[in-house]
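For reference, the structure discussed in these notes is given below.
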Amino acid sequence: MTRDRVWLGVLLSVPATAWLAVAFAAPLVVVALLSLQETADPFAALSLVPSFKQFADILGDRYFLGIIAETILLGLGVTVGAVVLGYPLAMWLAGLPQRWRSVAFAVVLIPLLTNVVVRSLGIVLLLAPDGLFNGFMRPFGLARPQGYVFTHFAVAIALIQVFLPFMVLSLYDSLANLDGRLKEAAASLGASRARIFFAVTLPLSLQGLRAGVTIVFLLSSTAYVSATILGGKKVWTTGMIVWQEALQNLNAPTAAALAMIMLAWGIGFAFLAERVVRRFSPWLAPDRPRRASLALPAALERVLVRAADMSGQALWLALLALGILLLLFPLMLVAVQSFNDVPQASVAGFRAFTFKWYAAVFEVGAYLRAFEISVQLAAASVACALALALPAAFVLVRFGYPGRGAVQAFWMLPLALPHVAIGVGMLRLLQWYIAIPPFMGLLLVHVVLIVPFAISLLRSSVLQLDTALEQAAASLGANPVRVFFLIVLPNLAPGLAVAGIIGFLISFGEVTVTSFLTTARLTTLPVRIYAEASFSLEPTVHAVSTLLILATVALLAIVNRFVKLDRVWAK
């Protein structure tokens, strides 16, 4: 590779790297510095002399330690639940004929790209005192007068529903590439379906399982939006404490220290998951001594296989049906509630049909103003993200230089770190630089959240470009600028449209970081819904949520016209 191409690759890497350095790395540095402050005074100057007082106070307080332990256990429980429900869904998607696969993918992508608050509202209706779950448990004598909301169970179910799509899609990547002949060979040797799963499917999908487990644990153990709505201040998580300390108590150093502790356990869990998978995947490093395999103790394996064989197809179908219901049914409940003539949003029983909540949406100016802000923010964020991601995608496909792998890892890092840390850091940066408009702060962060997805989607589009067309145009005298606008850009149009729509949905539905940075005059629609849901007001919030669900379905239908939905994630 010539020196000119190396320098061109470096130059094309600068925009995305510089933006992430300002809007992602800088807030994390601020969080690290804040966590080392000795005083919690919000007006005190930033000290560069490190102090571990905040960490000592947290780790020496049984209240904080209890919440941290509770949060980690909750994250582990949610991860196990996502694995149990995720495997049947992922295997179902991978086994479908191609003509049905894109439709089935909508079952996963619609909830994934729907606002997290909307999905949590559906879980509230499901677990309410007069909800369907409490009614189902009544014949067994397990119904509760107050329902199952505001419990650890409710928070866990909500988090499984929210993060299950990440597990399914991570497993799908591995299962879709699994050689079917291996299963056929095992079946021809007399292996049952259960033994095929434990001996073939599970070992060869460990990389996807590792990715899914890591993502779900990181997101569920740092979440606070669903925990706030379903926990009702009776269940506390570390993310909720960070939000309270930063925004209500104005104690940024304690919030930052908690965020750093969350970051530490996330990195530790990711490292542990990687080590475990490598230990049980000796074929990934054939030159190393084989220390272990995935083989279970013989007695335990016989019990598991026998139990799975006995339940067999029934268990698989039950888990598959439960997973699909958990993903879609809460959204259906939200839609039904939007036509329900009840006094409060949390009242689940259907009373009478009405359109008044939809009328109220357009009568209440706050919703319309919040919608306008959300559209403006999402459109601006997508435009900036695509402008940054497109050159980055070309770097990953066509240009190489020393250190490109590290730069690529930096571009993907926002997917792996807790968003609450970014929110705390950016909030303090905006407080220091008050000349920066709040909209600009939101734009900076939203672009950070979109860029990793946009780079991944556009990288696949760039890979599919026919370089022969570019060479032919150049041989006819077209300069690089004309080649780009006449050949490259038209061929990238479908990929740009898909990345733009997915990025728009991500930005439009973002709540976690946005809730740290909104002001009274600059509140996005998802944050407005979150505020309304926290106080359990009129079902107007369900009418707004239903409109958002329909908009998500419509935009995904448009995406499917360009690229089939199963291929979108494969990108």
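Throughout, residue positions are numbered sequentially from 1 according to the sequence presented. Computed from a predicted structure; not experimentally measured.
- With no hydrogens or angles considered, no side-chain donor-acceptor pair links Tyr224 and Thr512 at under 3.5 Å.
- When all heavy atoms of Ala543 and Val361 are compared, the pair lying nearest together is CB-CG2, 3.7 Å.
- Contact check for Phe150 versus Leu230: no side-chain heavy atoms found under the 4.5 Å cut-off.
- For Lys356, the side chain to side chain donor-acceptor pair (under 3.5 Å) test picks out Asp341, with sequence neighbours left out.
- Applying the side chain to side chain donor-acceptor pair (under 3.5 Å) rule to Gln244 yields no partners; only residues at least two apart in sequence or on another chain are considered.
- Side-chain contact between His446 and Ser507 is present, with heavy atoms from C-beta onward closer than 4.5 Å.
- Annotation: the span from Thr524 atom OG1 to Phe508 atom CZ amounts to 8.5 Å, rounded to 0.5 Å.
- Scanning both residues, Ala389 and Ala454, for their nearest heavy atoms gives CB-CB, 3.6 Å.
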**Report entry** Residues Phe339, Thr354; criterion side chain to side chain contact (heavy atoms under 4.5 Å, CB included); working and verdict
**Finding:** CA-CA 5 Å; Phe339 297 102; Thr354 181; 5.7 Å; no
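- Between the side chain of Asn249 and the backbone N or O of Asn251, no donor-acceptor pair lies under 3.5 Å.
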Could you give me the CA-CA distance, side-chain angles and deciding distance for Leu112 and Leu169, then say whether side chain to side chain contact (heavy atoms under 4.5 Å, CB included) is met?
-> CA-CA 10 Å; Leu112 176 64; Leu169 295 173; 3.8 Å; yes
Please report, to 0.1 Å, the donor-acceptor pairs under 3.5 Å made by any side chain of residues 65-73, with sequence neighbours excluded.
residue : atom : partner : partner atom : Å
Glu70   : OE2  : His152  : NE2          : 2.5
Thr71   : OG1  : Ile67   : O            : 2.7
Thr71   : OG1  : Thr238  : N            : 2.9
Thr71   : OG1  : Thr238  : OG1          : 3.0

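- Of the options Val541, Leu125, Leu121, a side chain to side chain contact (heavy atoms under 4.5 Å, CB included) to Gln337 is made by Leu125 and by none of the others.
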- request: Report the C-alpha distance between Ile529 and Ser545 in whole Å, list the side-chain angles of each, state the deciding distance to 0.1 Å, and finish with yes or no for side chain to side chain contact (heavy atoms under 4.5 Å, CB included).
  value: CA-CA 8 Å; Ile529 296 174; Ser545 301; 4.1 Å; yes
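- Between Arg428 and Pro27 the shortest side-chain heavy-atom distance does not fall below 4.5 Å.
- The OG1 atom of Thr519 sits 8.0 Å away from atom CG of Leu442, with the distance rounded to the nearest 0.5 Å.
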Output a table of donor-acceptor pairs, distance under 3.5 Å, between side-chain atoms of residues 413-423 and any protein atom two or more places apart or on a different chain; print 'none' if there are none.
residue : atom : partner : partner atom : Å
His419  : NE2  : Pro414  : O            : 3.4

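- Sorted by first and then second residue, the salt bridge (Lys or Arg N to Asp or Glu O under 4.0 Å) pairs involving residues 232-252 (not counting sequence neighbours) form an empty list.
- Counting only distance, with no hydrogens or angles, the side chain of Asn134 and the backbone of Pro129 share a donor-acceptor pair below 3.5 Å.
- You'll find the side chain of Arg119 reaches within 4.5 Å of the side chain of Pro111, heavy atoms only.
- In this structure, Arg144 is positioned above the aromatic face of Tyr148, its NZ or CZ under 6.0 Å from the six-membered ring centre and within 45° of the axis.
- When all heavy atoms of Met426 and Leu517 are compared, the pair lying nearest together is CG-CD1, 3.7 Å.
- Taking OG1 of Thr214 as the reference point, atom CE of Met167 lies at 8.5 Å (rounded to 0.5 Å).
- Considering only heavy atoms from C-beta on, Val225 comes within 4.5 Å of Val117 through its side chain.
- Listed by chain and residue number, nothing satisfies the salt bridge (Lys or Arg N to Asp or Glu O under 4.0 Å) test with Arg528 (two or more places apart in sequence, or in another chain).
- In this structure, CD1 in Ile450 is found 10.0 Å from CG in Leu505, a value given to the nearest 0.5 Å.
- Listed by chain and residue number, Phe217 satisfy the ring-ring contact (aromatic ring centres under 6.0 Å, His included) test with Phe269 (two or more places apart in sequence, or in another chain).
- Heavy atoms only, all atoms of each residue included: Leu457 and Ala499 are closest at CD1-CA, 3.7 Å.
- The shortest side-chain heavy-atom distance between Met440 and Leu443 falls under the 4.5 Å cut-off.
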Cut-off 3.5 Å, no hydrogens considered: what does the side-chain donor-acceptor table look like for residues 155-164, sequence neighbours left out?
residue : atom : partner : partner atom : Å
Gln161  : NE2  : Leu326  : O            : 3.2
Gln161  : NE2  : Leu327  : O            : 3.1

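- Side-chain atoms of Ser221 never come within 3.5 Å of backbone atoms of Gly75 as a donor-acceptor pair (strictly under, hydrogens ignored).
- Rounded to the nearest 0.5 Å, atoms CH2 (Trp357) and OG1 (Thr546) are 13.0 Å apart.
- Outside the 6.0 Å centre-distance limit, the rings of Phe329 and Phe133 are not counted as a close aromatic pair.
- In terms of the side chain to side chain donor-acceptor pair (under 3.5 Å) criterion, residue partners of Thr228 (sequence neighbours excluded) are, by chain and number, Tyr530.
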(Q) Please evaluate residues Ser226 and Ser120 with respect to the criterion side chain to side chain donor-acceptor pair (under 3.5 Å), reporting the C-alpha separation (whole Å), side-chain torsions for both, the decisive distance (0.1 Å), and the verdict. (A) CA-CA 6 Å; Ser226 296; Ser120 298; 2.8 Å; yes
Give the intermediate values and the outcome of side chain to side chain contact (heavy atoms under 4.5 Å, CB included) for residues Asn340 and Phe353. CA-CA 5 Å; Asn340 193 5; Phe353 187 88; over 6 Å; no
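- In terms of the side chain to side chain donor-acceptor pair (under 3.5 Å) criterion, Ser381 has no residue partners (sequence neighbours excluded).
- Take Ala257 and apply the side-chain contact (heavy atoms from CB on, under 4.5 Å) test, not counting sequence neighbours, and it matches Ser35, Gln54, Phe55, Ile58.
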Got a list of side-chain donor-acceptor pairs under 3.5 Å for residues 368-379, not counting sequence neighbours?
residue : atom : partner : partner atom : Å
Glu372  : OE2  : Gln376  : NE2          : 3.3
Ser374  : OG   : Ala370  : O            : 3.1
Ser374  : OG   : Leu525  : N            : 2.7

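- In this structure, Thr523 and Thr514 have side chains that are not in contact, with every pair of non-hydrogen atoms separated by 4.5 Å or more.
- For the pair Tyr172 and Phe105, the minimum side-chain heavy-atom distance is below 4.5 Å.
- Taking the six-membered ring for Trp and the full ring otherwise, Phe362 and Tyr367 have centroids separated by 6.0 Å or more.
- Nearest heavy-atom pair, Ala90 versus Val168, reported as atom, atom and distance to 0.1 Å: CB-O, 3.7 Å.
- The distance from the CG atom of Leu113 to the CG atom of Leu548 is 12.5 Å, given to the nearest 0.5 Å.
- Shortest non-hydrogen contact noted between Leu247 and Leu250 is O-CD2, 3.9 Å.
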